[in-house]
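Below you'll find the structure, written out as structure tokens, and then a few comments.
Order of the sequence lines sets the chain letters (A, B, ...), proteins ahead of strands, with each chain counted from 1.
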There are 2 protein chains.
Amino acid sequence: MMREFQLLEHVYASNQSLSPNVQIPPGDDLAQILIGNPSLLAGVDQLVEGRHFNLEVTPLALIGRKAITRSLSDVAAMAGKPLASLIAITLPPDFGEDRATSLFDAMRATAEEFNCPLIGGDIAFHEDPSHAMVCAVTVLATPSRKKAITRDGAHVGDHVYVTGTLGGTLLPNGLGHHLTFTPRIAEALALQSQLGDALHAMIDISDGLGRDASHIATQSEVRIEFDVQAIPCRAGISWQDAVSGGEDYELCFTASGDVPSCVGDTLVTRMGVVVPMDDQASEGTPNVVFRDGDDLIPGDELGWQHES
Amino acid sequence: MMREFQLLEHVYASNQSLSPNVQIPPGDDLAQILIGNPSLLAGVDQLVEGRHFNLEVTPLALIGRKAITRSLSDVAAMAGKPLASLIAITLPPDFGEDRATSLFDAMRATAEEFNCPLIGGDIAFHEDPSHAMVCAVTVLATPSRKKAITRDGAHVGDHVYVTGTLGGTLLPNGLGHHLTFTPRIAEALALQSQLGDALHAMIDISDGLGRDASHIATQSEVRIEFDVQAIPCRAGISWQDAVSGGEDYELCFTASGDVPSCVGDTLVTRMGVVVPMDDQASEGTPNVVFRDGDDLIPGDELGWQHES
């Protein structure tokens with residue numbers, strides 16, 4: 001087994017395109033980066049074997065890719081520009097040098113592809129061969145405007161939009177869109193540029209449209225009403241499955257005024273409206289509801305739990 | 001079991017002293033921080049059950065503390081000022097709400113104690129109850145001068161110093177200094193302030209003085225010769241054990257000119273000298289050696305492997 005230090009050395013040596021703003025590259029106690037912008041966005045996400053992927057059926061290149069793109073989807077959700085990434089990974093002791101190298105190479109290459117170079121890492125090995133692989137990815141980014149687009153800015157009267165199509169991201173064999181998606185960074189920056197102050201709130205859809213829209217509704221103190229006919233479902237997927245499945249990594253946002261029907265090659269669909277909290281009579285009504293003709297279906301009947 | 005979202009909410013709610021430079025607090029896709037200084041230091045480290053601590057004998061408060069202080073020791077090693085921290089943690093499914101809360105509270109409180117507030121987190125649960133707990137901590141900091149103190153600045157003729165005492169950090173029962181140490185942030189800042197440009201290279205001792213000094217030697221392209229009589233061993237510990245044990249979390253640094261014999265209440269001991277690489281005849285000689293009277297003991301005979 002290659003030692004941990006050498007594995008990291010190998011990964012960093014492949015980091016050919018570290019930008020000049022990396023003043024101290026990986027290999028010291030910490031890396032140092034020059035920030036062009038005085039504010040920084042930072043978040044962490046993790047990918048756990050058995051929970052987020054099946055190690056037996058998933059190519060290592062796709063596991064590595066997803067570890068990075070999942071965190072970059074959060075950058076897109078705030079209309080941020082990727083700056084740098086840091087990876088902590090724990091592997092079973094018998095994981096093997098070739099496989100560890102494939103995994104890190106995939107992470108490094110994906111991070112570079114999205115201009116988010118790997119500037120720090122830690123590798124540890126479990127004592128027990130039966131223990132699960134865990135990857136934690138920290139992503140740093142800069143907001144494209146003074147303050148990033150948050151979840152708490154939805155206004156009553158906004159329309160609610162989604163990029164791309166929803167549902168069916170996890171195939172029965174464990175593969176699918178959840179491993180291969182492209183984080184919507186370019187789309188988010190284009191939307192912010194085109195809509196300016198009319199872009200009010202945004203989130204990426206990781207837990208399902210229903211649950212993620214509920215975060216916007218809760219934090220903005222509003223209610224969101226979706227038109228089930230307008231939800232852009234992937235072929236063969238019911239709207240109920242499309243809004244509850246999760247791992248779409250599309251953007252859900254609210255905006256006033258005119259919104260284009262696509263950004264680049266990516267579809268943008270209007271599928272809901274922001275209404276006041278007190279529009280609904282009872283206290284217990286969830287803050288996301290689905291209108292199907294004359295029927296109004298509370299979000300919490302669709303298998304996800306609202307957080308309000 | 002409290003849900004993951006609620007656990008994080010609980011932790012963030014305790015974050016009473018988030019400074020005004022946190023422009024978007026935890027709870028959105030990413031947090032946003034205003035950087036007072038245009039450069040940023042960033043690194044990640046992880047604590048793995050069975051590898052770095054024994055869950056059965058170690059109080060959760062000390063596990064949480066060590067997860068944070070271990071990363072802060074890297075900030076000290078670069079003479080950085082803590083800015084913010086992000087935590088990713090994976091727990092066994094049956095870990096229990098009270099214990100999870102105790103763990104996070106300890107991490108949050110320790111991060112606050114060192115002015116390194118928790119600005120992001122992710123919590124996941126293993127599917128399998130036998131799987132190990134893993135904590136990954138990302139730390140962000142700012143260099144106290146334009147560029148942080150790195151490992152590659154040692155000059156021939158420098159003396160080599162260490163803070164505090166070494167060895168015996170892991171007691172037979174699993175407890176000890178490795179869980180309770182204070183990261184040497186204040187000492188590093190004081191040394192940088194007092195020594196200025198005469199402070200040339202620095203590292204924190206996590207893998208043992210021998211191995212960590214070897215990182216300085218390799219990256220500075222020099223050799224380091226220690227005087228075994230001068231090594232400040234903890235009571236009852238041989239110099240051989242003191243230099244190979246690890247988890248001291250003291251600072252090892254090289255400097256020219258006068259160096260004070262203490263900073264604050266912390267002892268500073270001169271115990272070695274930086275010599276040229278070619279002072280030793282053979283190619284294979286390790287770049288860290290220990291002088292014991294007339295004997296010169298190669299570092300690699302002491303049970304740690306040099307990285308040159």
Q. What pair of heavy atoms forms the shortest contact from B:Gln46 to A:Thr90, and how long is it?
A. OE1-OG1, 3.0 Å

Q. Between B:Gly80, B:Gly43, B:Ala88, which residue shows the highest count of heavy-atom pairs closer than 4.5 Å to chain A?
A. B:Ala88

**Q.** Interface moiety of B:Val44 toward chain A, non-hydrogen atoms closer than 4.5 Å
**A.** both

Q: Report the distance from atom CD1 of B:Ile119 to atom CG of A:Leu40, rounding to the nearest 0.5 Å.
A: 7.0 Å

Q: With sequence neighbours left out, write down each residue that passes salt bridge (charged side-chain N to carboxylate O under 4.0 Å, His left out) with B:Glu49, or none if nothing qualifies.
A: none

Q.
Please classify the contact between B:Val137 and chain A as side chain, backbone, both or neither, with a heavy-atom cut-off of under 4.5 Å.
A. neither

Q: Against chain A, label B:Asp128 side chain, backbone, both or neither, depending on which of its atoms sit under 4.5 Å from a heavy atom there.
A: neither

Q. What are the two closest heavy atoms between B:Val48 and A:Ala124, and how far apart are they?
A. CG2-CB, 3.7 Å

Q: Indicate the atoms forming the closest heavy-atom contact of A:Ala42 with B:Leu140, along with that distance.
A: CB-CD1, 4.2 Å

Q) Does the A:Gln32 side chain pair with the main chain of B:Pro143, one donor and one acceptor, at a distance under 3.5 Å? A) no

Q) By salt bridge (charged side-chain N to carboxylate O under 4.0 Å, His left out), which residues pair with A:Arg70, not counting sequence neighbours? A) A:Asp45

Q.
More than 12 heavy atoms of other residues, nucleotides or ligands under 6.0 Å from CD of B:Glu221: yes or no?
A. no

Q: Could you tell me which of B:Ala76, B:Ser71, B:Gly50, B:Ala84 has the largest number of non-hydrogen atom pairs under 4.5 Å with chain A?
A: B:Gly50

Q) Taking the side chain from B:His131 and the backbone from A:Ser130, do they hold a donor-acceptor pair closer than 3.5 Å? A) yes

Q | Distance (rounded to the nearest 0.5 Å) between B:Asp74 CG and A:Asp122 CG | A | 9.0 Å

Q.
If you count heavy-atom pairs within less than 4.5 Å of chain B, which of A:Val139, A:Thr150, A:Val75 leads?
A. A:Thr150

Q) Looking at B:Glu127, B:His126, B:His52, which one has more heavy-atom pairs under 4.5 Å with chain A than the rest? A) B:Glu127

